[in-house]
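This one's a predicted model, so the numbers in the text were calculated from it and none came from an experiment.
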Amino acid sequence: MTKFSITYPNLPLAIYRELAAHLRQVQGVAAEVLPQTSQQFDYNQSQAGGLLLEYDPSIDGRERAQAEAILSYYAEIYGTCDRQLT
C-alpha cells in the first residue's frame, strides 16, 4: 500500500472528516483523520493532526485520478496541502 500523511494549514476538523468521507468513496482508497498531537489548544489551529491516505496496490489509474481530483478540489478552496510519504 502507498501511504501518505496529508495536512492542510488551519483546516477545521469537520472539513478533514468531510474530505476523508469523500476519499473513502473511491474504491481502493482508505482515509483516516489523525489526532492532533499538540499539547496546547489553539482555536485558530486545526483540531486534527492531518489525514492518513492509503492507496491499495490494486487501484487503477482512473480511481487514483479521482482521489487526486478530490484532493485538488480541497486544495483550491483551502490552499495547498503538505503531503509526505509514510
Side-chain angles (χ1 to χ4, degrees):
M1 284 199 165
T2 305
K3 292 184 181 183
F4 297 96
S5 170
I6 297 175
T7 54
Y8 289 85
N10 301 319
L11 193 67
L13 175 60
I15 304 302
Y16 270 115
R17 288 180 176 167
E18 176 184 299
L19 174 56
H22 285 164
L23 288 166
R24 284 187 207 117
Q25 293 178 14
V26 180
Q27 188 173 6
V29 175
E32 174 186 341
V33 178
L34 298 171
Q36 177 58 265
T37 57
S38 176
Q39 296 297 321
Q40 294 186 351
F41 177 78
D42 182 347
Y43 186 80
N44 296 317
Q45 296 295 317
S46 177
Q47 296 171 350
L51 188 71
L52 181 62
L53 179 65
E54 297 180 49
Y55 290 137
D56 190 273
S58 65
I59 192 171
D60 68 22
R62 189 186 92 235
E63 292 160 336
R64 183 181 286 267
Q66 186 177 8
E68 292 299 323
I70 292 168
L71 291 171
S72 293
Y73 172 80
Y74 280 83
E76 287 178 22
I77 297 171
Y78 299 104
T80 58
C81 64
D82 177 34
R83 183 187 305 206
Q84 296 179 356
L85 245 120
T86 59

Write down the atom of Ala48, the atom of Leu13, and the distance for their closest heavy-atom approach.
-> CB-CD1, 3.9 Å
For Glu54, all residues meeting salt bridge (charged side-chain N to carboxylate O under 4.0 Å, His left out), sequence neighbours excluded = none
Closest heavy-atom pair and its distance - Ile6, Tyr16 | O-CE2, 4.1 Å
Are any of the side-chain heavy atoms of Leu51 and Leu23 separated by less than 4.5 Å?
-> yes
Leu19 vs Val33 side-chain heavy atoms within contact, under 4.5 Å = no
Pairwise distance CD(Glu63) to CG(Asp56) - rounded to 0.5 angstrom | 9.0 Å
Between His22 and Tyr74: side-chain donor-acceptor atoms closer than 3.5 Å | yes
Side chain to side chain contact (heavy atoms under 4.5 Å, CB included) assessment of Arg83 paired with Leu71 = CA-CA 11 Å; Arg83 183 187 305 206; Leu71 291 171; 3.3 Å; yes
Should we say atom CD of Glu68 is surrounded by more than 12 heavy atoms from elsewhere, each under 6.0 Å from it?
-> yes
Heavy-atom side-chain proximity of Leu34 to Ser5 below 4.5 angstrom | yes
Flag the pair Thr2 / Ile59 as yes when at least one side-chain heavy-atom distance between them is below 4.5 Å, and no otherwise.
-> no
Looking at Thr86 and Phe4, what are the two nearest heavy atoms and their distance?
-> OG1-N, 4.1 Å
Grab the two heavy atoms, one from Gly50 and one from Thr7, that are nearest each other, plus how far apart they are.
-> CA-CG2, 3.7 Å
Heavy-atom side-chain contact between Gln25 and Ile70 under 4.5 Å | no
Partners passing salt bridge (charged side-chain N to carboxylate O under 4.0 Å, His left out) against Arg17 (at least two apart in sequence or in another chain) | none
Quick one: are Val26 and Tyr55 in side-chain contact, heavy atoms under 4.5 Å?
-> no
